[in-house]
Amino acid sequence: MPESAVQPVERQLPTEEARDLLALVRELVQREIAPRAAQEEAEGRFPRELFTLLSESGLLGLAYDSAFGGGDQPYEVYLQVLEELAAARLTVGLGVSVHSLACHALAGYGSKEQRAEYLPDMLGGGLLGAYCLSEPSSGSDAASLRTKAVRDGDDWVLSGTKAWITHGGIADFYTVLARTGGEGPRGVTAFLVPGDAPGLTAAAPEKKMGMKGSPTAQLHFDEVRVGDERRIGDEGQGFAIALSALDSGRLGIAACAIGVAQAALDEALSYATERRQFGRPIADFQGLRFMLADMATQIEAGRALYLSAARLRDAGRPFSKQAAMAKLLCTDAAMKVTTDAVQVLGGYGYTADFPVERYMREAKVLQIVEGTNQIQRMVIARHLAGPDSR
């Protein structure tokens, strides 16, 4: 491959500290993640020891307050770290995003005492988190969740089933949304549940199309008892907390999608400049050149959109609409770019000998998680035209 074919992404970073951080991440990716990604994904192996290393390196709490073990980094920096991790292996990038999502409720809505007690271990103590909102019968309609939390003295008793939980069965803590009141969003409360709580069990991991190294499983709560000190926010505030977390989480998914798309473009460009047909590299043919140009343009557009939304968040301005737009655009772009990458490689792209078929399978889930892209369109339209009048 010519040296000019694939270059590291040129990033606009706000500080020298951020530039050093991205350099550290790229070194870690090349040393610890990329060399084993293909084999471990094929084996369905979750790299728990790698997440311990990421925690020790301060990479699991980048966007949170340093007073509680976080990294004090702007969201625009954190997301670019996610992109680098996801480009090497989506299981890792998405895993970091989910962990950050699981910390959001306590960091944003917990009491001072709760944050002091729990956050340091959650952000930098080697723990791994998961986020429990979806259920077998309530996915997009999350406000209809049925898992219950019933008050019993100073405790709450949780019963029900959560579904599609990333890190289900292996997480050290779960942020759980459960019904404590009447129907609808105002009857939901958030709880921080230990991973080893009696009565909490996980089903066998789902057999998925992609991301086979990342366990996704149902969680069963059989009268799981937690103290009131593990209730996050006020009773009935849980759904608002969940929506706040999802706005930020959608930006994480957008960044991961651009990471996967960038990896696919890099692989396609490398192949196209090396593969020769009719006496010259196939990258010389206009049909492929235009495909590569379109792929690169979609990636740059997606990156610009998620960073624009992140900068709104960093400035304390509303960003819900922009987060939905970024999630929609970036994940659709990832699906298109990875599909085109398979086409560039032709028959080789359809084999497991090259990573683009894995990228294509992984990109698909990003159009589904943390609100399907149809839900993102509903969110965007609501911001534009107001609530549906029906």
> Of all residues at least two apart in sequence or in a different chain, which pass the salt bridge (charged side-chain N to carboxylate O under 4.0 Å, His left out) check with K336?
D340
> Please walk me through it: do L246 and L133 pass side chain to side chain contact (heavy atoms under 4.5 Å, CB included)?
CA-CA 10 Å; L246 286 175; L133 177 61; 4.0 Å; yes
> Looking at side-chain heavy atoms only, is the closest gap between L21 and L59 below 4.5 Å?
yes
> Specify the closest pair of heavy atoms between R31 and P35, including all atoms of both residues, with the distance to one decimal.
O-CG, 3.9 Å
> With the side chain counted from C-beta on, respond yes when S97 and L251 share a heavy-atom pair under 4.5 Å apart, and no when they do not.
no
> Using the ring of each side chain (for Trp, its six-membered ring), is F46 parallel, tilted or perpendicular to F51, with breaks at 30° and 60°?
parallel
> Measuring from atom OG1 of T338 to atom CD of E267, what distance do you get when rounded to the nearest 0.5 angstrom?
13.0 Å
> Among E84, E362, E40, find the one that has a salt bridge (Lys or Arg N to Asp or Glu O under 4.0 Å) with R89.
E40
> Can you name the closest pair of heavy atoms from F354 and Y271 and give their distance?
CE2-CD1, 4.2 Å
> Is atom CZ of R317 surrounded by more than 12 heavy atoms (other residues, nucleotides or ligands) closer than 6.0 Å?
no
> Please write out which residues are connected to V9 in a hydrophobic cluster, directly or through intermediates, given that two of Ile, Leu, Val, Met, Phe, Trp, Tyr count as joined at side-chain heavy-atom separations below 4.5 angstrom.
none
> Restricting to non-hydrogen atoms, name the atom on A190 and the atom on I241 that form the minimum distance, rounded to 0.1 Å.
CB-CD1, 4.4 Å
> Under the side chain to side chain contact (heavy atoms under 4.5 Å, CB included) rule, what do K212 and R361 come out as? Steps first, then yes or no, please.
CA-CA 10 Å; K212 297 181 179 180; R361 289 185 288 104; 4.2 Å; yes
> Do V92 and L54 touch side chain to side chain, with heavy atoms closer than 4.5 Å?
yes
> Checking R280 against F285: charged group under 6.0 Å from the ring centre and within 45 degrees of the axis?
yes
> For E43, look at atom CD and say whether over 12 heavy atoms of other residues, nucleotides or ligands are found less than 6.0 Å away.
yes
> Applying ring pair (Phe, Tyr, Trp, His ring centres under 6.0 Å), name anything that partners F173, two or more places apart in sequence or on another chain.
H99
> For M209, which fellow cluster members are found when Ile, Leu, Val, Met, Phe, Trp and Tyr are connected by side-chain heavy-atom distances below 4.5 angstrom, either directly or through intermediates?
none
> OG1/T161 to CG/L145 distance, rounded to the nearest 0.5 angstrom?
12.0 Å
> Is any NZ, NE, NH1 or NH2 atom of the basic residue among R250 and E370 found under 4.0 Å from an Asp or Glu carboxylate oxygen of the other?
no
> Side chains of D266 and Q262: is there a donor and an acceptor less than 3.5 Å apart?
yes
> Side chains of T147 and L177: does their closest heavy-atom pair fall under 4.5 Å?
no
> Check whether any side-chain N or O of R225 sits under 3.5 Å from a backbone N or O of G227 as a donor-acceptor pair, and report yes or no.
no
> Give, for atom OH of Y131 and atom OG1 of T175, the distance between the pair rounded to the nearest 0.5 Å.
8.0 Å
> Please indicate whether K208 has more than 12 foreign heavy atoms, meaning atoms of other residues, nucleotides or ligands, lying under 6.0 Å from its NZ.
yes
> Report yes if some heavy atom in the side chain of M335 is under 4.5 Å from a heavy atom in the side chain of K364; otherwise report no.
yes
> A quick test of your reading: do over 12 heavy atoms of other residues, nucleotides or ligands sit less than 6.0 Å from CD of E49?
yes
> Quick check against the 3.5 Å criterion: does R289 have a side-chain atom that pairs as donor or acceptor with the backbone of A283?
yes
> Does any non-hydrogen side-chain atom of I375 lie less than 4.5 Å from one of M378?
yes
> Could you tell me whether a side-chain N or O of K327 sits under 3.5 Å from a main-chain N or O of G371, the two making a donor and an acceptor?
yes
> Flag the pair E183 and R146 as a salt bridge only when some basic side-chain nitrogen lies within less than 4.0 angstrom of an acidic carboxylate oxygen.
yes
> Is it true that R313 and S248 share a donor-acceptor pair across their side chains at a distance under 3.5 Å?
yes
> Give, for atom CG of L53 and atom CD of E56, the distance between the pair rounded to the nearest 0.5 Å.
6.0 Å
> Quick check: are there more than 12 heavy atoms from other residues, nucleotides or ligands sitting under 6.0 Å from CD of E16?
yes
> When Q367 is tested against each of T372, D332, T331 for side-chain hydrogen bond (donor to acceptor under 3.5 Å, both in side chains), which residue passes?
D332
> Could you tell me which non-hydrogen atom of A326 sits nearest to which non-hydrogen atom of A254, and how far apart they are?
O-CB, 3.7 Å
> How far does CD of E229 sit from CG of L192, to the nearest 0.5 angstrom?
10.0 Å
> List the atom of V342, the atom of M360, and the distance in Å for their closest heavy-atom pair.
CG2-SD, 4.0 Å
> Taking salt bridge (charged side-chain N to carboxylate O under 4.0 Å, His left out) as the definition, give me every residue that meets it alongside E83, ordered by chain and number, with sequence neighbours left out.
R11, R303
> Would you name the heavy atoms of P74 and P14 that are closest together and state the gap between them?
CG-CG, 4.4 Å
> So, E357 side chain and Y350 main chain: donor-acceptor pair closer than 3.5 Å or not?
no
> Output the distance between atom CG (D222) and atom OG (S159), rounded to the nearest 0.5 Å.
6.5 Å
> Do S244 side-chain atoms and A240 backbone N/O form a donor-acceptor pair below 3.5 Å?
no
> State whether the side chain of S214 and the backbone N or O of T91 hold a donor-acceptor pair below 3.5 Å, judged by distance alone.
no
> When you measure from the side chain of Y64 to the backbone N and O of S100, does any donor-acceptor pair fall under 3.5 Å?
yes
> Any side-chain to backbone donor/acceptor pair from D172 onto L128? Under 3.5 Å, distance only.
yes
> Flag yes if L243 and Y109 sit in one hydrophobic cluster, no otherwise; membership is Ile, Leu, Val, Met, Phe, Trp, Tyr, and two members link when side-chain heavy atoms are under 4.5 Å apart.
no
> Let me see the working for L28 and I33 under side chain to side chain contact (heavy atoms under 4.5 Å, CB included), right down to the final yes or no.
CA-CA 7 Å; L28 186 148; I33 303 177; 3.7 Å; yes
> Would L366 and L90 count as a side chain to side chain contact (heavy atoms under 4.5 Å, CB included) if you check the C-alpha gap in whole Å, the side-chain angles of each, and the deciding distance to 0.1 Å?
CA-CA 10 Å; L366 299 175; L90 183 58; 4.2 Å; yes
> Would V77 and L307 show up in the same hydrophobic cluster when neighbours are defined by side-chain heavy atoms closer than 4.5 Å?
yes
> Consider only side-chain heavy atoms of I, L, V, M, F, W and Y, link residues closer than 4.5 Å, and tell whether L94 and L219 are in one cluster.
no
> Would you find a donor on one side and an acceptor on the other, under 3.5 Å apart, between the side chain of Q298 and the backbone of A334?
no
> Residues in side-chain hydrogen bond (donor to acceptor under 3.5 Å, both in side chains) with E206, at least two apart?
none
> Would you kindly confirm whether I299 and L13 end up in one hydrophobic cluster when ILVMFWY residues are joined by side chain heavy atoms under 4.5 Å apart?
yes
> Side-chain contact test, heavy atoms from C-beta onward, threshold under 4.5 Å: evaluate it for V224 versus V157 and give yes or no.
no
> Just wondering, more than 12 heavy atoms not from R186 lying within 6.0 Å of its CZ?
no
> Looking only at side-chain N and O atoms, does S308 offer a donor or acceptor that is under 3.5 Å from a partner on Q322?
no
> D314 side chain to E76 main-chain N or O, any donor-acceptor pair under 3.5 Å?
yes
